Amino acid sequence: MDANEVLEYCLAKKGVTESFPFDQETLVMKVGTKMFLLISLDKQPLSIAVKTNPEWSEELREQHPQITGAYHMNKTHWNSVSLDGLKKDLVLKLIDHSYDLVFQSLTKKAMEEIKNL
């Protein structure tokens, strides 16, 4: 997958916005007001950071050398994922999982507003 595919996939989800709050190279995808994905646009191979439940994070890191604790993030909940060599369906599953985890952490009001978009 390339950066455009990741961005298009994320932006197709309800309530997703994009911004550059840290610098001009790190694009942040949010659902509501909370981050669910970061992508470093200037790094090769392409890498994303996604939120994952701790049990699955451990399993993923054991099975895939491309998946490690995310730099500058809580490594219990966030993974850095080098897309080089990973199957597209796994990358999409990781994005979906991160979006769902963050969406479920929103207030009921925020969730309803996003569902009604």
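Predicted model only: the values in this text are computed from it and were never measured. The first residue in the sequence is number 1, and the count goes up from there.
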Rounded to the nearest 0.5 Å, what's the gap from [atom1] on [X] to [atom2] on [Y]? Could you check?
| X | Y | atom1 | atom2 | result |
| --- | --- | --- | --- | --- |
| Leu38 | Phe20 | CG | CZ | 11.0 Å |
| Glu112 | Leu117 | CD | CG | 11.0 Å |
| Leu60 | Ile67 | CG | CD1 | 4.5 Å |
| Ser47 | Asp84 | OG | CG | 10.5 Å |
| Arg61 | Trp56 | CZ | CH2 | 12.0 Å |

Heavy-atom distance under 4.5 Å between the side chains of [X] and [Y], does that happen here?
| X | Y | result |
| --- | --- | --- |
| Leu90 | His64 | yes |
| Asp100 | Phe36 | no |
| Leu86 | Ser82 | no |
| Leu37 | Lys30 | no |
| Asn79 | Thr68 | no |
| Ile95 | Lys13 | yes |
| Lys93 | His97 | no |

Flag yes if [X] and [Y] sit in one hydrophobic cluster, no otherwise; membership is Ile, Leu, Val, Met, Phe, Trp, Tyr, and two members link when side-chain heavy atoms are under 4.5 Å apart.
| X | Y | result |
| --- | --- | --- |
| Met73 | Val28 | yes |
| Leu11 | Val50 | yes |
| Leu7 | Val16 | yes |
| Tyr9 | Ile48 | yes |
| Leu41 | Val91 | yes |

Item to check | Candidate pair Glu5 and Lys88, rule salt bridge (charged side-chain N to carboxylate O under 4.0 Å, His left out), full reasoning | outcome: CA-CA 10 Å; Glu5 288 176 290; Lys88 183 177 180 175; 3.5 Å; yes
Inset, instruction - Check the pair Phe103 / Ile114 against side chain to side chain contact (heavy atoms under 4.5 Å, CB included), numbers first and verdict last. - result: CA-CA 9 Å; Phe103 181 79; Ile114 291 169; 3.7 Å; yes
Side chain to side chain contact (heavy atoms under 4.5 Å, CB included) between Leu92 and Met1, intermediate numbers included: CA-CA 10 Å; Leu92 297 179; Met1 285 187 82; 3.7 Å; yes
In short, Lys34 meets Ser105 closest at the heavy-atom pair NZ-O, 3.2 Å
Closest heavy-atom pair, Val31 versus Leu106, reported as atoms and distance to 0.1 Å, is O-CD2, 3.9 Å
Are more than 12 heavy atoms from other residues, nucleotides or ligands located less than 6.0 Å from atom OH of Tyr71? no
Result for side-chain contact (heavy atoms from CB on, under 4.5 Å) between Ile39 and one of Leu83, Leu46, Val81 points to Leu46
Paired with Tyr99, the side-chain contact (heavy atoms from CB on, under 4.5 Å) test is passed by just one of Lys14, Lys51, Gln104, namely Lys14
Step by step, work out the side chain to side chain donor-acceptor pair (under 3.5 Å) result for Asp42 and Ser40. CA-CA 6 Å; Asp42 67 338; Ser40 183; 3.1 Å; yes
* Asked: Do NZ/NE/NH1/NH2 and the carboxylate oxygens of Glu25 and Lys43 come within less than 4.0 Å?
  -> no
- Message: Could you check whether any side-chain N or O of Ser57 sits under 3.5 Å from a backbone N or O of Asn53, counting only pairs where one atom can act as donor and the other as acceptor?
- Response: yes
